[in-house]
There are 2 protein chains.
Amino acid sequence: MKKPDAAGGDISLGECLYRRVLELLESKWTVLVLHALDGGRQRYRQIEARIQDITQKMLTQTLRRMERDGLIRRIVHPTVPPAVEYELTDLGRSLMPHIRGFRTWAAEHFAEVVAARAEYDRKYGQRDAAE
Amino acid sequence: MKKPDAAGGDISLGECLYRRVLELLESKWTVLVLHALDGGRQRYRQIEARIQDITQKMLTQTLRRMERDGLIRRIVHPTVPPAVEYELTDLGRSLMPHIRGFRTWAAEHFAEVVAARAEYDRKYGQRDAAE
DNA sequence: CGGTATCCGTTTTGATACTG
DNA sequence: CAGTATCAAAACGGATACCG
């Protein structure tokens, strides 16, 4: 019986279960798709256009996984040619505040991250060759 | 000149820069290490013990990257045997509210994600063999 | 339009053994 | 204790071609 937020820092709900949820965000494109859909329902090509250099394969794969995870919904209009729209589910929307929060953090602290990297490289260099 | 939060959902600060920041969290173990250090300064073995099935290689690699990104600080005590401690920097601490927020979301919505996956698999099965 | 299928190189991760 | 080094396996990502 552990307390959820003991100073010790228990990760709660079991590291294993949490890991399963972390997987939601681990694929390279998921967060970008979430932002794209944050503006409302979008068609496949719209999402593709919005996320500059994503390939069809990765976009489809990401959308499928997000649909499976219950974050987005896929709406097929049986027209010719076919039109497919995607939108956030309630579950997906409930996640957005955190995603937006992270984006805000990124905008505010990006420069610090870059500076830290430069500083680290200056101190330790990428010396792996001789000497 | 785009507005940062137009309804359109511009990802702001440039998708490219944002992508660079997203990389911070993309490695499998980073978030778990952040939680581990959220409880305060920890020694290498303590972190390792806390994150069940991480290997030494991955832990060291993750810690190095996080140090380079300025999220954590490495403190070496020149004793024999050596003792090394890690702690969050100010930058790392500034990120924690979002990480904690996500964990809270995970705890609250994990069941829904699992249910969504089960539902999806029931509907579409993992049928890739014949028929 | 909105995908699938296939091939293939790159990156990430893991197992294991060894060290100052 | 806190790592490194090495090798191999697996996941990821991209290019390309084709389909309903």
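In what follows, every chain begins at residue 1, and chains take the letters A, B, ... in the order their sequences are listed.
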Tell me the interatomic distance from [X], atom [atom1], to [N], atom [atom2], rounded to whole angstroms.
{"X": "A:E85", "N": "C:dC1", "atom1": "CD", "atom2": "P", "value": "14 Å"}
{"X": "B:I54", "N": "C:dA15", "atom1": "CD1", "atom2": "C1'", "value": "14 Å"}
{"X": "B:L59", "N": "D:dC1", "atom1": "CG", "atom2": "P", "value": "14 Å"}
{"X": "B:E67", "N": "D:dA2", "atom1": "CD", "atom2": "C1'", "value": "14 Å"}
{"X": "B:E26", "N": "C:dT12", "atom1": "CD", "atom2": "C1'", "value": "12 Å"}
{"X": "B:M58", "N": "D:dA11", "atom1": "CE", "atom2": "P", "value": "14 Å"}
{"X": "B:H77", "N": "D:dG3", "atom1": "NE2", "atom2": "P", "value": "12 Å"}
{"X": "B:R19", "N": "D:dC12", "atom1": "CZ", "atom2": "C1'", "value": "13 Å"}

Flag side-chain contact, heavy atom, 4.5 Å: B:K28 against A:R19: yes
Which of these nucleotides, [options], is closest to any side-chain atom of [X]?
{"X": "B:S27", "options": "C:dG2, D:dG3, C:dT13", "result": "C:dT13"}
{"X": "B:T55", "options": "C:dG2, C:dA15, D:dA2", "result": "C:dA15"}
{"X": "A:T60", "options": "D:dG3, C:dT13, C:dG3", "result": "C:dG3"}
{"X": "A:V84", "options": "C:dT13, D:dG14, C:dG3", "result": "C:dG3"}
{"X": "A:R64", "options": "C:dG3, C:dT13, D:dG14", "result": "C:dG3"}

With a 4.0 Å cut-off, would you call [X] and [Y] a salt bridge?
{"X": "B:E87", "Y": "B:R73", "result": "yes"}
{"X": "B:E85", "Y": "B:R41", "result": "yes"}
{"X": "B:D38", "Y": "B:R93", "result": "no"}

Earlier contact from the 5' end, DNA chain C, for B:Q56 and B:P82: B:Q56
Neighbour count above 12 (heavy atom, 6.0 Å) for A:R20 CZ: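 No, because the 6.0 Å sphere around CZ of A:R20 holds 12 heavy atoms or fewer from other groups.
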When you check the phosphate oxygens OP1 and OP2 of [N], does a side-chain N or O of [X] lie under 4.0 Å from one of them?
{"X": "A:Y86", "N": "C:dG3", "value": "yes"}
{"X": "B:K28", "N": "C:dG14", "value": "yes"}
{"X": "A:R65", "N": "D:dA11", "value": "no"}
{"X": "A:R43", "N": "C:dG3", "value": "no"}
{"X": "B:Y44", "N": "D:dT4", "value": "no"}

5' precedence on DNA chain D between B:Q46 and B:K57 (nearest-nucleotide basis): B:Q46
